[in-house]
Amino acid sequence: MANLSGKKSLNTVTLVFKLPYYTQWGQSLLIAGSEPALGSWNVKQGLSLSPVHQGNELIWSGRVSVATGFTCQYNYYVVDDNKNVLRSESGEKRKLVLPEGVQDGDVVEIRDWWQDASEALFLRSAFKNVIFNGSENAKRELKTTSLNKSLEPEDIVVQFIVSCPRLGAGSTVVVTGSNPQLGRWQTQDGLKLNYVGDSIWKANCLLRNEAGVSSLEFGPNREADVDLSSPKPSRYVLLSDGALRESPWRGAGVAVPIFSIRSNEDLGVGEFLDLKLLVDWAVNSGFHLVQLLPINDTSVHGMWWDSYPYSSLSVFALHPLYLRVQALSDAIPGDIKDEISQAKKQLDKKDVDYEASLASKLSIARKIFKLEKDKVLNSSSFKQFLSENEEWLKPYAAFCFLRDFFETSDHSQWGRFSQFSKEKLDKLVSEGTLHHDVICFHYYIQYHLYMQLSEAAAYARKKKVILKGDLPIGVDRNSVDTWVYPTLFRMNTATGAPPDYFDKNGQNWGFPTYNWEEMSKDNYGWWRARLTQMAKYFTAYRIDHILGFFRIWELPDHAATGLVGKFRPSIALSQEELLSEGLWDFDRMSRPYILQETLEEKFGSFWTVIAANFLNEYKKQHYEFKEDCNTEKKIIAKLKNSSEKSLWLEKEDSIRRGLFDLLQNIVLIRDPEDSTKFYPRFNQEDTSSFNDLDEHSKNILRRLYYDYYFARQENLWRQNALKTLPVLLNSSDMLACGEDLGLIPACVHPVMQELGLIGLRIQRMPSEPNLEFGIPSQYSYMTVCAPSCHDCSTLRAWWEEDGGRRSRFYQTVIGSDDEPPSRCTPEVANFIVKQHFDAPSMWAIFPLQDLLALKDKYTTRPAKEETINDPTNPKHYWRFRLHVTLDSLLDDKDIQATIKELVTSSGRSFPGKVDGAEESGEKLAKVQLNGKP
């Protein structure tokens, strides 16, 4: 390596990288790093590794010459024959700093372990900045490891490197072993490792004429053979032993929607500042985590429909519903204070009155805004907030103004403003307009929501409690996001879920599906911005319907139910494929199959009225829908608006269901964008259209159905998830959990494991076939376990709603042949809750209602009233509110002690527990070095 002046070349050393890793046929490993020698992060120009079998291991190795002062960051990648990345390491980038004393011609051997996603979890903010609170470590002085004595030619330096994210400041990591340099198993004489930053401890050990075998205190042995017989052995061996193998860390949490919280200060609905009370209760009860539902603004319709928290008006704006108006100012006039007190009394109801609470808060906030707008809007903190958030805040404020002006959120009805542009936005939010105060009011509300939630989030971090947010799978079709970024959404479609545990008819959430191809053009910038915004408040999050990142259940926008959909992306059944199988009558299989006998059976003597109003007879005793009612939404509209509606007024619901059944009586769904492609209708064998076919056709369709839903898509869906999910995970350092309930493709769990995503296990919805009830003791570590969730009935309600199921559970799970109690007694609740605390799952997270079932005092309310959501009802009113205040729960020391005892007896971590990362003491990494002359 000559320089421009022609002087003698730089001193160089040889780096030898080694990594044990089993690959599949056609795969290989390479290293890409920050320096040109490792491709400058261009994987295709990285250092290729070669495999060698050593005993039972496949070792990948490669060498490269570099300058003696070389430092870099790097990672390992699994690639195909064209060097396309198939898999990459998780966690933070590796850092290579050569040991002091390295000289020209030395060989430095770097022995690494693949950085698994599950090990990298403990470097996420939930652990690093909250539970293990790494702030003290960050302030510690960086130490380096060096050797004071000069090296003899036969000497070899082994540098031990171990990652200990669970250790706090003041901890000591000691390597002990049989070798004299490692103290001959005496802890006090072992090799102390030094903290060098980023949760890494290092130390050098000088070996002379020795070979060794090293193993960590937990886990399999790790060999570190040093070949002294080589003509030129490695002078330095950097032994990276991965993470310290401690017993698996397990924690617990509580889940409750903010709107469900009741406190002495709220105005009819939970508020962000109430989270401080909830955090205190969580700490007293032994919980390290508080989980919430989505908290974004949903004010689309201006009525209680907006109580649905998963239908965002904006994925960035917070919901004004959660504002504490008393905290808007230190100088609220007496008359407004009186108004607040009056509102408190009026809104203190059993359930949330969504419309009244929101209207009251906004009315009071406007009065305070008028009094202090100049003071707040000219403050440095507000100006900083506006500057940091204007990219989403200005479009949001303009949208809210236009929504109220046009009296609709349907931006297609906004005339010249229906098409968003930067120029129009600038005019709408400019200072000279008559409506500028309205724009500023929306800024003002969002500023205070930000301040209040930030205060609660900081309080939680201080108390070592993780705030876990929720990332909805969709946005409302009439939202700021679809207005500003219309090309990112397929507006002629709707998102839902196929029939499953939650709803046998499928679900239709109404959100437009995503245009992933368009989103990929800027590396999913919209998603990255969402996660960055969430990370301002949360250190963990739940990915709603994670299956949607593999494939989404896509419905036409004219559908009202979720049954007749298809997966996107998916490999369709082509016309050629069907013809080759002997299926040719595509109209017969893809049009509603309506016979007169079906009408008579379904509607009785009323069938003639139905036929006259909704159907045409296109051949004898065969019918088709009229043009004005040939979709589900058209049927709904005609039933409500027809001049003949008096004929069916009292039967409207049953007639609508009957007409939907007729419309859904198909075997194949024709692709609306390509008429030569078809998709099997879900549960096709439930239809008379299928059952009236000949046996040959039925057998072919059964095979194609299975192939479509359970075989041909797996690789496509895996690839789709591996394009999108890593972008989400790398957009922030929050801990990510995926809601993986429902119809689970085979590729989902392996991908989640590969990416370090924590799954969800609900006992009544086992993922294992042929099980009615899950077995918590058999759950895998990378899971969250819970007895219920917001999308199903609570533990008490579930227990009481089905006597037969209750008896089977009592016999198979509790192990008793006695008659089970008809109500979920505290003893039953304790048994079920304890099962989940004792489970191997990393997290046990309980709905607050299920925890309150541990004490009779809190079970006087009918169990059904504690249900948060009914997935079978698309217009469900999300209004459940606790019947006790957090203030009174904090005063109840008994239930807090009961819950904490369940936490501690299960071995789960809790705030203040002196274990693992939370103690300042010694941790031992036992290493055996067997000397060989």
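For reference, positions follow the sequence shown, starting with 1. Below, each value reflects all heavy atoms present in this structure, side chains not excepted, and no hydrogens, waters or symmetry copies.
Inspection of the R718 and N715 side chains reveals no N or O donor paired with an N or O acceptor under 3.5 Å. Judged purely by distance below 3.5 Å, without hydrogens or angles, the side chains of Q684 and S689 never pair a donor atom with an acceptor atom. There is no side-chain donor-acceptor pair under 3.5 Å between W516 and N720. A donor atom on one side chain and an acceptor atom on the other are not found under 3.5 Å apart for H319 and N296. Under 3.5 Å, the side chains of E768 and Q778 contain no donor-acceptor pair of N or O atoms. Between the side chains of Y354 and D306, no donor N or O sits under 3.5 Å from an acceptor N or O. Under the 3.5 Å distance criterion, with hydrogens and angles disregarded, a donor-acceptor pair is assigned to the side chains of Y708 and S570. Side-chain contact annotation: T487 with N515, donor-acceptor N/O pair under 3.5 Å absent. Between the side chains of D850 and S788, at least one donor N or O sits under 3.5 Å from an acceptor N or O.
The two residues F122 and M842 make their nearest non-hydrogen contact at CZ-CE, 4.2 Å.
When atom types are taken as modelled, the side chain of R542 and the backbone of K468 share no donor-acceptor pair closer than 3.5 angstrom. Between the side chain of S125 and the backbone N or O of D733 there is at least one donor-acceptor pair closer than 3.5 Å. Judged by distance alone, with hydrogens and angles left aside, the side-chain atoms of S311 form no donor-acceptor pair with the main-chain N or O of Y308 at under 3.5 Å. A donor-acceptor distance shorter than 3.5 angstrom exists from the side chain of S574 to the backbone of E577, with no hydrogens or angles considered. A side-chain donor-acceptor contact under 3.5 Å links T493 to the backbone of T513.
Contact check for T482 versus P512: side-chain heavy atoms found under the 4.5 Å cut-off.
Ring planes of W878 and H876: perpendicular class, angle over 60° (limits at 30 and 60°). Ring-plane geometry between Y709 and W553 is classed as tilted, the angle between the planes lying from 30 to 60 degrees on a 0 to 90 degree scale. Under the 30°/60° scheme for interplanar angles, the aromatic rings of W509 and F511 are found to be tilted. Aromatic ring orientation, F287 versus F837: parallel (interplanar angle below 30°, classes split at 30° and 60°).
Of the candidates F259, F880, Y310, Y310 is the only one forming a ring-ring contact (aromatic ring centres under 6.0 Å, His included) with H790.
Aromatic rings from F549 and W527 are positioned such that their centres are separated by under 6.0 Å.
A cation-pi contact links R879 to Y877, judged by a cut-off of 6.0 Å to the six-membered ring centre and 45° from its axis.
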